[in-house]
Protein chains: 4
Amino acid sequence: MKRDKPKYKQIVDAAVIVIAENGYHQAQVSKIAKEAGVADGTIYLYFKNKEDILISVFREKMGIFAENVKEIIEKEITATEKLSKLIDNHFSLLYNDRHLAIVTQLELRQSNKELRSQINEVLKEYLMLLDSILKEGIEQGEFDRDIDIRLARQMVFGTIDETITSWVMNDQKYDLMKLAPEVHRLILKGMIG
Amino acid sequence: MKRDKPKYKQIVDAAVIVIAENGYHQAQVSKIAKEAGVADGTIYLYFKNKEDILISVFREKMGIFAENVKEIIEKEITATEKLSKLIDNHFSLLYNDRHLAIVTQLELRQSNKELRSQINEVLKEYLMLLDSILKEGIEQGEFDRDIDIRLARQMVFGTIDETITSWVMNDQKYDLMKLAPEVHRLILKGMIG
Amino acid sequence: MKRDKPKYKQIVDAAVIVIAENGYHQAQVSKIAKEAGVADGTIYLYFKNKEDILISVFREKMGIFAENVKEIIEKEITATEKLSKLIDNHFSLLYNDRHLAIVTQLELRQSNKELRSQINEVLKEYLMLLDSILKEGIEQGEFDRDIDIRLARQMVFGTIDETITSWVMNDQKYDLMKLAPEVHRLILKGMIG
Amino acid sequence: MKRDKPKYKQIVDAAVIVIAENGYHQAQVSKIAKEAGVADGTIYLYFKNKEDILISVFREKMGIFAENVKEIIEKEITATEKLSKLIDNHFSLLYNDRHLAIVTQLELRQSNKELRSQINEVLKEYLMLLDSILKEGIEQGEFDRDIDIRLARQMVFGTIDETITSWVMNDQKYDLMKLAPEVHRLILKGMIG
DNA sequence: CATGAATGAGACTTCATTCAT
DNA sequence: TATGAATGAAGTCTCATTCAT
């Protein structure tokens, strides 16, 4: 499996750095190859084309988000606590990889419809895990039984996403982690409190 | 003022249509010119460059959002009602201009950092109006006095944005307007209800 | 019609020169543009792609062959004389345009199947005119009534083609025109004489 | 001698198949290696470069044509009969190896000037054998003493070649062998008959 | 002898912008 | 003002060949 070879990871990691530092449209294959320390042609031994590099970046990195959330779900804690941990995890992973944060929140969104629809496929798994937490919370009586799961999911994800994007666009100059509890509180109790 | 001449609006409207129908990356200046019924060169009598067209699209169209919200704010109603009307207005404007919805939610996000930062400048006005509603709600005791305005704004905008984006990505096939009250309720009372 | 504009012909003529002097595989679009005295991009205002230039070269130039043969056919002379004039014309046109001779006999044959099948479409018209002369000769009793038209056409065209190709591959160093009468005689009376 | 080792023949035969099935421009070294059941690098133990494979294909295969003609020439039969047998042999060898027919008549002609001039070197031996038959025919009084040997050879070869190429381009769907006698007759007696 | 992963040069095409009319 | 023909820079990907094992 190509995905297990060291060069595959080398190239994916190089792509994150190059995109973060140069922007999506200035991330030429030759730059990624140079950053990864391989020849241009070597890229094409591991990836079908440039788009394939980008979707792989997303798949590899977002995969970690989903894996962590799976572990969270299996814990014996309340849905409220699971939601809190999901938010913490989401914030934490991007807080600790500044390059990745720039790539996911800003740069990869410049990609074309084709690529974004593939990215959405990857996101879907994550959103379904989020849904399962919401369902559990409703069943356990923690959350309002009348909420529309789809809308609630969009509120949760939309709020997280907007919060991180703002943080990135403000050059990551404040402490994102400190916002997590309040985000959690807002989502659960709303603005009325 | 060039902005008042008929061809200016013609070109802005043409840009919305061309981008919505062809996608951001397939919206060549020549296509916009053709749709507007002018020569390619004429575009440059009204706009500095292509980016200037796109930022103008956003400015002209989002201006309507802000104008409406200004009127809402001046009404003698509670902050809660104002927030509800803001959401209705946001949903309604995009619900009634399918092309514009595609352009703002999907296509314009593919633009580069430069353009998006200009777009954010335009958004800022809108977000400040939203902030003023939140402040008013807190001062009037309608909203929890301890909420972080910035975070609350990100929740409100993030939730609205994610909801509309999902609607667009699902080919606008369900009735967006019907979701507004529940979005409002979720934002205010959270998931606990 | 683009085909009537002066730049169209400029580019076609430039292509013939560049291909003849550099060979098919070294005839880059940029070289053709330079030879034609236009920018690279200008090529694409007149031709869909590189292949379209090459097929146009063939169409424009072979068109002259066919036109001349049409005139010959309309003359009130015997089929034998028409055949003789066809050979003369074929030899003469390539004899007087050395570059074109290299292009049709050597370089354009290196093109891919796709291009060659388009070239064959162009050739077909020419071969059908040749067929009509053969038919006339048979009907008038000049040629053997038992000959297979397709085979006879292949002999005529094959002999002409091979003769010119040999001349080109020998660097056009002998007088091609002098061979025409003997080619005609061989075709008509065969080797037995 | 490398040429005698089994892998040498394996690779040459693989090249014929790969070129016939994929076309000249899609006949990558790696495909030939795969078809031959060896590693890419192994090719270079037997051939100097890719061109060397192709010229070897031609040399090995056309060698059979020449060998057969040599045997024909040594027979105690008339030049007319020898010519007839040469045509039969030429047709037969390609009729019985459809892949080879495609390769010699269509694909190898797409090669560059360099390769084709090497191919012509190989052809020369064959053409000289043809010449010797023609000379013999003239000396024996079977053929017209006034024919130009070079032109006659070009007629013979051009006619054979054009006939086979047409057959290949028509997807080999009629019986090539049946055409041989008429080709022979046309060459000898011409169209007047 | 044999392997096959790695190399890296090279060209077609698009499209925002200009400027002579 | 308006036109639209012309410009020219810039990047992805292929594939013959090498060389360490």
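Nothing here was measured: the structure is a model prediction, and the numbers come from that model. The analysis underlying the following values was restricted to heavy atoms, covering all of them including side chains, and did not include hydrogens, waters or symmetry mates. So you know, we letter chains A, B, ... as the sequences are listed, proteins then strands, and number each from 1.
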Exercise. With a 4.0 Å cut-off on heavy atoms, is D/K34 in touch with a base, just the backbone sugar-phosphate, or nothing at all?
Worked result: nothing

Exercise. With sugar-phosphate meaning primed atoms plus P, OP1 and OP2, does A/V29 contact a base, only sugar-phosphate, or nothing at under 4.0 Å between heavy atoms?
Worked result: sugar-phosphate

Exercise. In Å, rounded to the nearest 0.5 Å, how long is the span from NZ of A/K50 to CD1 of A/I32?
Worked result: 6.5 Å

Exercise. Across all strands, who's sitting opposite F/dT3 as a Watson-Crick or G-U wobble pair, both distances under 3.5 Å?
Worked result: E/dA20

For this session: Searching all strands shown, indicate the nucleotide that pairs with E/dC15 (Watson-Crick or G-U wobble; both distances under 3.5 Å).
Result: F/dG8

For this session: Look only at the side chain of C/S56 and the backbone of C/D52, and say whether a donor-acceptor pair between them is shorter than 3.5 Å.
Result: yes

Exercise. Does A/L100 offer a backbone N or O that forms a donor-acceptor pair with the side chain of A/T104 under 3.5 Å?
Worked result: yes

Problem set entry | Nearest-nucleotide comparison on DNA chain F, the residue closer to the 5′ end among B/G37 and C/G37 | B/G37

Problem set entry | Positional range of nucleotides in DNA chain F within the contact set of chain A, heavy-atom, under 4.0 Å | F/dG11 to F/dT14

Exercise. Between the side chains of D/K31 and D/Q28, is a donor N or O closer than 3.5 angstrom to an acceptor N or O?
Worked result: yes

Exercise. Got C/K9 and C/E60 here, is their nearest side-chain heavy-atom distance under 4.5 Å?
Worked result: yes

Exercise. Which comes earlier along DNA chain E counting from the 5' end, the contact point of A/K7 or that of B/S30, where each point is its nearest nucleotide?
Worked result: A/K7

Exercise. Which pair of non-hydrogen atoms, one from C/I43 and one from C/V29, has the smallest distance, and what is that distance?
Worked result: CG1-CG1, 4.1 Å

Exercise. Within this structure, what is the NE2-to-P distance between A/H25 and E/dT14, rounded to whole angstrom?
Worked result: 18 Å

Exercise. What residues in residues 38-49 of chain A put a non-hydrogen atom under 4.0 Å from any atom of DNA chain E?
Worked result: A/V38, A/A39, A/G41, A/T42, A/L45, A/Y46

Exercise. Would D/D161 and D/R109 pass as an ion pair if we require N to O under 4.0 Å?
Worked result: yes

Problem set entry | Short N-O contact, D/K61 and D/D13, less than 4.0 angstrom | yes

